[in-house]
2 protein chains.
Amino acid sequence: MSLPRAKLVKNFPGCPVEATLSFLDGKWKGVILFHLMQGTLRFNELRRKLPAVTQRMLTKQLRELEESGLVSRTVYPVVPPRVEYKMTPLGTTLKPVILALAAWGEEHVFCSPEAASEGFEACATALQS
Amino acid sequence: MSLPRAKLVKNFPGCPVEATLSFLDGKWKGVILFHLMQGTLRFNELRRKLPAVTQRMLTKQLRELEESGLVSRTVYPVVPPRVEYKMTPLGTTLKPVILALAAWGEEHVFCSPEAASEGFEACATALQS
DNA sequence: ATCGACAGTATCCTTTTTGGTACTACGTAC
DNA sequence: GTACGTAGTACCAAAAAGGATACTGTCGAT
């Protein structure tokens, strides 16, 4: 049973915790969802909010979120391209979970000053709500 | 309280959501915490609760949980060995988070029986609400 | 004529994570 | 004297995840 985590839910009998985590698994999904929780965003808007993620990674994470039904992707056939990412109704049901995660992080996780001065504050500032 | 600061400084992407997720990252941490939430467990008790995890993986995940301060490991110098795993005070502060994860999983994640019997492929599906 | 914004792909490479199997030591029970 | 339960290690291989860089095409502005 060497399958990616996202497909392994059956391996956790009676454990919905891992089931939920499998939807959030991926280096940037948590932040992405947090930002989308606050409103629809275009691809590059999201990119600017996550300066450390590469284009390739952002695309990949978004596609996975789309595939799992948490985020919708709407392409407007215009030039230049316009693509909007938005939480689906299912995605919004995750809000309490994300808020719980954020609350715990804020209370128990401390960010070193070095990390903050190295360009990560863009993520941190958007997290107030 | 022992703060997992060293680890955080290295891995903290700058977002409290991701920060919290980084503590839960690892294929089995969610389930492990879920079980330990219900009480202290010995190594092999935990193993029996997670039939699919190998000894090596279980050890590894437990050591990581210990290192991040969520779980404590107590060795009793007896023969045969007796090692007890237990949530730390910091670990118990995660309870609301774990419960939120569990609640969402129970409400939105389903595993189709056919897929389950065929193997483990893609049996996790989220239902639109 | 060239540049940048837009939303990505394609290709290659490195790192991290996970899995499989075998092995340890000690004591007790059969 | 052989197996079982305890709590792990050590070693090797496979798989998955993540990163770096370069490239696409159209348009509007400079």
Side-chain angles (χ1 to χ4, degrees), chain A residues 1-9 11-12 18 21-32 36 40-68 71-86 119, chain B residues 7 10-13 18 21-32 36 40-68 71-86 119-122 124:
Chain A
M1 55 202 87
S2 326
L3 284 172
R5 196 184 187 193
K7 296 181 179 172
L8 272 172
V9 172
N11 277 349
F12 314 109
E18 276 297 331
L21 283 176
S22 75
F23 282 82
L24 302 175
D25 195 36
K27 197 163 171 186
W28 308 97
K29 294 215 187 102
V31 220
I32 291 173
L36 288 182
T40 300
L41 287 172
R42 297 178 57 175
F43 185 81
N44 275 6
E45 285 174 339
L46 213 36
R47 253 189 103 186
R48 280 187 287 269
K49 286 188 187 281
L50 308 172
V53 68
T54 65
Q55 219 166 4
R56 182 185 161 283
M57 262 302 128
L58 184 53
T59 303
K60 214 186 140 219
Q61 302 290 291
L62 284 168
R63 291 295 147 84
E64 286 175 20
L65 286 169
E66 193 193 354
E67 202 187 340
S68 55
V71 163
S72 69
R73 176 171 174 268
T74 312
V75 182
Y76 296 90
V78 295
V79 166
R82 176 184 191 85
V83 178
E84 282 184 357
Y85 291 92
K86 195 188 169 197
Chain B
K7 198 193 172 193
K10 279 186 296 180
N11 298 343
F12 190 21
E18 280 299 330
L21 284 176
S22 78
F23 281 80
L24 303 175
D25 197 35
K27 199 165 171 183
W28 309 96
K29 295 213 187 107
V31 223
I32 292 173
L36 288 182
T40 300
L41 287 173
R42 298 178 56 176
F43 185 80
N44 274 6
E45 285 174 339
L46 215 35
R47 253 190 102 186
R48 281 187 287 267
K49 286 189 186 279
L50 308 172
V53 68
T54 64
Q55 217 165 6
R56 184 185 158 284
M57 263 300 126
L58 184 54
T59 303
K60 214 188 140 219
Q61 302 289 290
L62 284 168
R63 292 293 147 85
E64 286 175 20
L65 286 169
E66 193 194 354
E67 201 189 341
S68 55
V71 163
S72 69
R73 175 170 174 269
T74 313
V75 182
Y76 297 90
V78 296
V79 166
R82 176 185 190 84
V83 179
E84 282 183 356
Y85 291 93
K86 195 187 168 198
F120 296 100
E121 262 162 90

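The analysis underlying the following values was restricted to heavy atoms, covering all of them including side chains, and did not include hydrogens, waters or symmetry mates. Chain letters run A, B, ... following the sequence lines, proteins first, then strands; residues in each count from 1.
Phosphate proximity of D:dC27 to A:R82: absent, as no side-chain N or O sits under 4.0 Å from OP1 or OP2.
Listed by chain and number, the residues in a side-chain hydrogen bond (donor to acceptor under 3.5 Å, both in side chains) with A:E64 are A:K29 (sequence neighbours excluded). In this structure, the side-chain hydrogen bond (donor to acceptor under 3.5 Å, both in side chains) partners of A:E84, at least two apart in sequence or on a different chain, are A:Y76, A:R82. Under the side-chain contact (heavy atoms from CB on, under 4.5 Å) criterion, A:R47 pairs with A:F43, A:N44, A:Q55, A:L58, not counting sequence neighbours. Contacts of B:R73 classified as side-chain hydrogen bond (donor to acceptor under 3.5 Å, both in side chains), with partners at least two apart in sequence or in another chain: B:Y85.
Note: CD (B:E45) to P (D:dG8) measures 13 Å, nearest angstrom.
When all heavy atoms are compared, the tightest approach of B:T40 to B:E45 is O-OE1, 4.4 Å.
Comparing C:dC6, D:dG8, D:dT6 by their nearest atom to the side chain of B:R42 picks out D:dT6. Taking the side chain of A:T54 as heavy atoms from C-beta on, and the options D:dG19, D:dG8, C:dG19, the nearest nucleotide is D:dG19. Side-chain atoms of A:K27 lie closest to D:dG18 of the nucleotides C:dC6, D:dG18, C:dG8.
Less than 4.0 Å separates DNA chain C from at least one heavy atom of each of the following residues of residues 56-66 of chain A: A:R56, A:T59, A:R63. Near DNA chain D, meaning a heavy atom under 4.0 Å from it, residues 73-81 of chain B has B:R73, B:P80, B:P81 in order of number.
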